[in-house]
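Throughout, numbering of the chain's residues begins at 1 and tracks the sequence.
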Amino acid sequence: MKAVIPAAGWGVRFLPLTKEQPKEMLPVIDKPVIQYVVEEAVGAGIEDIIIVTGRHKRTIEDHFDHSFELEAILHNGNRREHLENIKNLCNLANLHYIRQKEPKGLGDAVYQARHHVGNEPFAVMLGDTIHVSDVPVVKQLMEVHARTGKSVIAVERVPGEKVKDYGVLDAVKVDDRLYQINDLVEKPSPAEAPSNLCIAGTYVLTPGIFECIERTKPGHNGELQLTDALRLLREKERLLAWEFIGKRYDIGDIQGWLNSQFELALKHPQYGAQLKAFLRDLNQKEPFL
Ligand code: G1P
């Protein structure tokens, strides 16, 4: 199965940080966000990945390419561990890049990958969402798809007031963690939301979605929403949702990024203990807890 990683958005919520720097390249401890996403795909056995970028996203391509000068410096300085690390980045997977010419929304970004994907089911993994899980979340979806042949979306329950930031489902539970989708709505107000079961940012879709994107009209924010295309797909095919097993970190805004950074750093084998000691010390001097 191929994966499409939409990474073309402007990262407006992060300005001025993302004026020149793609939000997908923001650090989470010692790696950029998109590296976690690519590694999740690779961990699920996906070898062919299409990253949908834009004009201001060149550093993404550079990150997964050779840097001969740096490799020579590390080689000559006998910094083997770093050398292996950066060399491995070039061989993680077959990465392909397509540029979205105008930022027209997530649906349009996915549509850019249609020729490369062809007539096969494929995964969509948002470039600003990372997971910690025993089984990669995308793999969990691939397994549901293998069992059912249907499109399946990773979902999670969020607190009521947060539904306005997500695609939200009207769905019925059909099995453990598995739902059949009746309807979807992009970023509703809490009063309009059909539930608090939200689209978490990973999908396995049948290729029928492309024709649905063609018929989709601009929606929330005037953009072509993948959620609206999924509404059309649901008229043709059964759509499933999977309450994934694992923890999701939403790097989509500064608060989410900061929280993720802290939580993951506290758990990190190399940095966690010192960060805890630092926070304890800080709390003693300037109590915040
Ligand atoms: C996108 C999707 C939304 C989904 C969310 C998950 O929105 O449009 O349906 O719930 O990702 O993060 P965005 O966060 O790009 O505005």
Assigning hydrophobic clusters by single linkage (Ile, Leu, Val, Met, Phe, Trp, Tyr; side-chain heavy-atom cutoff under 4.5 Å), is [X] placed with [Y]?
X	Y	result
F64	L26	yes
L106	L224	no
Y203	V117	yes

What distance separates [X] [atom1] from [Y] [atom2], expressed to the nearest 0.5 Å?
X	Y	atom1	atom2	answer
K139	D134	NZ	CG	13.5 Å
R99	Q112	CZ	CD	12.5 Å
I29	Q261	CD1	CD	6.5 Å
I5	H96	CD1	NE2	11.5 Å
D183	D170	CG	CG	6.0 Å
D253	L258	CG	CG	9.0 Å

With a 4.5 Å heavy-atom cut-off, do [X] and [Y] have their side chains touching?
X	Y	result
T59	P22	yes
R55	K101	no
K173	Q180	no
V155	F244	no
I49	M125	no
Y179	V172	no
Y111	E214	yes
V28	I130	yes

Is it true that, when you exclude H75 itself, more than 12 heavy atoms of the residues, nucleotides or ligands shown sit nearer than 6.0 Å to its NE2? no
Could you walk me through whether Y249 and W257 pass the side chain to side chain contact (heavy atoms under 4.5 Å, CB included) check? CA-CA 8 Å; Y249 293 93; W257 175 57; over 6 Å; no
With a 4.0 Å cut-off, would you call [X] and [Y] a salt bridge?
X	Y	value
E263	K267	yes
R248	D250	yes
E237	K150	no
K2	E120	no
E235	R231	no
R58	D62	no

Identify the residue among [options] that makes a side chain to side chain contact (heavy atoms under 4.5 Å, CB included) with [X].
X	options	value
K23	D128, I34, L15	D128
L226	L184, V110, D108	V110
I153	L141, L240, I181	I181

Side chain to side chain contact (heavy atoms under 4.5 Å, CB included) assessment of F210 paired with F122: CA-CA 11 Å; F210 294 121; F122 65 104; 3.5 Å; yes
Do we get K31 above Y36's six-membered ring, with its NZ or CZ under 6.0 Å from the centre and within 45° of the axis? yes
[X] (side chain) donor-acceptor with [Y] (main chain) under 3.5 angstrom:
X	Y	value
Q225	H220	yes
E40	V137	yes
H66	F68	no

Over all atoms of both residues, closest heavy-atom pair of K164 and K187: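 Looking at all heavy atoms of both residues, the closest pair is O-CB, 3.2 Å.
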Could you check whether S189 and E192, counting side-chain N and O atoms only, form a donor-acceptor pair closer than 3.5 Å? yes
